[in-house]
J.: 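Just dropping this structure here.
Side-chain atoms are counted along with the backbone in the values below, which use heavy atoms only and exclude waters and symmetry mates.
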Amino acid sequence: MTPDERLDATFTALADPTRRAILARLARGEATVAELAAPFAMSQPAISKHLKMLERAGLVAGAIDAQRRPRQIVGAPMAEAVGWLEQYRQIWERNYGRLDSLLEELKSLENQAKKGKPQ
């Protein structure tokens with residue numbers, strides 16, 4: 001999978017609220033499909049479909065622990081997505097910084113005009 005394909009898979013997986021809730025649960029610790037399905041009003045097979053999407057994106061990995069098959073969160077794909085978003089955050093931060101400077105300049109000019117205006 002190319003980096004762009006991994007990023008696409010990550011954002012596709014994150015686009016669903018159920019999958020984000022599963023990730024939030026797994027961020028607290030590993031869990032089985034049954035444990036992950038418990039808070040949702042959907043079947044375990046439906047949760048398994050969501051898990052497959054998360055596993056395809058590399059956001060979740062499975063393990064074998066005796067009779068259990070717990071899933072755990074994997075941070076690398078999320079870190080890649082955050083890195084991708086970070087470059088845009090920096091662009092917007094620079095844009096807002098320039099806007100703040102312009103607003104301060106306009107405010108200063110307005111204050112100077114008020115002081116120079118006869119009453």
J.: Is Gln87 reaching over with its side chain to a backbone N or O of Trp84, donor-acceptor style, under 3.5 angstrom?
T.: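 A pair under 3.5 Å: yes.
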
J.: Please determine which of Ile22, Leu23, Leu54 meets the side chain to side chain contact (heavy atoms under 4.5 Å, CB included) test together with Ile73.
T.: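 It is Leu23, the one option of Ile22, Leu23, Leu54 that forms the side chain to side chain contact (heavy atoms under 4.5 Å, CB included) with Ile73.
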
J.: Does Met42 share a hydrophobic cluster with Val60, counting links as ILVMFWY side-chain heavy atoms below 4.5 Å and allowing steps through other members?
T.: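 Linked, Met42 and Val60 end up in one cluster.
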
J.: Might you point out which heavy atoms bring Leu26 and Ala31 nearest each other, and give the distance in Å?
T.: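 Smallest heavy-atom distance, with atoms named: CD2-N, 3.7 Å.
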
J.: Rounded to the nearest 0.5 Å, what separation is found between the CG atom of Leu109 and the CD atom of Glu104?
T.: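 Reported to 0.5 Å precision, the distance equals 11.5 Å.
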
J.: Which distance, rounded to the nearest 0.5 Å, do you find between the CD of Glu105 and the OG of Ser101?
T.: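 Answer for the CD-OG pair, Glu105 versus Ser101, is 8.5 Å.
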
J.: Keeping Arg69 on the side-chain end and Gln67 on the backbone end, is there a donor-acceptor pair under 3.5 Å?
T.: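 No, the answer is negative, given that no donor and acceptor are paired below the 3.5 Å cut-off.
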
J.: Do His50 and Leu36 have side chains that approach each other closer than 4.5 Å (heavy atoms only, starting at C-beta)?
T.: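 No, side chains not in contact.
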
J.: Tell me whether Tyr96 is reachable from Ile91 by hopping between hydrophobic residues (I, L, V, M, F, W, Y) whose side-chain heavy atoms are closer than 4.5 Å.
T.: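 Ile91 does not cluster with Tyr96.
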
J.: Say whether, by atom type as modelled, one donor and one acceptor occur between the side chain of Thr10 and the main chain of Arg6 under 3.5 angstrom.
T.: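 Here the side-chain-to-backbone pair exists.
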
J.: Look up atom OG1 in Thr32 and atom CD in Gln44, then write down how far apart they are to the nearest 0.5 Å.
T.: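 Going from OG1 on Thr32 over to CD on Gln44, the span is 7.5 Å.
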
J.: Step by step, would you call Glu35 with Arg68 a side chain to side chain contact (heavy atoms under 4.5 Å, CB included)?
T.: CA-CA 11 Å; Glu35 291 166 337; Arg68 299 177 66 232; 3.7 Å; yes

J.: Can we say Lys107 and Glu110 salt-bridge, meaning some charged N sits less than 4.0 Å from an Asp/Glu carboxylate O?
T.: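 Looking at Glu110 together with Lys107, the answer is no, because their closest N to O distance does not fall below 4.0 Å.
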
J.: What are the two closest heavy atoms between Glu55 and Gly62, and how far apart are they?
T.: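 For Glu55 versus Gly62, the nearest heavy atoms are OE2-N, 4.4 Å.
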
J.: Can you tell me if Arg56 uses its side chain to pair, donor with acceptor, with the backbone of Ala13 under 3.5 Å?
T.: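 Looks like no, no N/O pair under 3.5 Å.
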
J.: How many angstroms lie between CZ in Arg25 and CZ in Arg71, if you round to the nearest 0.5 Å?
T.: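 So the gap between those two atoms works out to 13.0 Å.
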
J.: According to a 4.5 Å side-chain heavy-atom criterion applied to Ile, Leu, Val, Met, Phe, Trp and Tyr, with indirect links allowed, do Val74 and Met53 form part of one hydrophobic cluster?
T.: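 Val74 and Met53: separate clusters.
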
J.: I need the minimum non-hydrogen distance between Ala81 and Leu7, along with the two atoms involved.
T.: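 Heavy atoms only, the tightest pair is CA-CD1, 3.7 Å.
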
J.: Are the side chain of Arg20 and the backbone N or O of Leu14 linked by a donor-acceptor pair below 3.5 Å?
T.: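 Here the side-chain-to-backbone pair exists.
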
J.: Less than 4.5 Å apart, side chain to side chain, heavy atoms only: is that true for Trp92 and Asn95?
T.: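 Yes. Closest side-chain heavy atoms under 4.5 Å.
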
J.: How close do Ala57 and Ala9 get, heavy atom to heavy atom, and via which atoms?
T.: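 Smallest heavy-atom distance, with atoms named: CB-O, 3.4 Å.
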
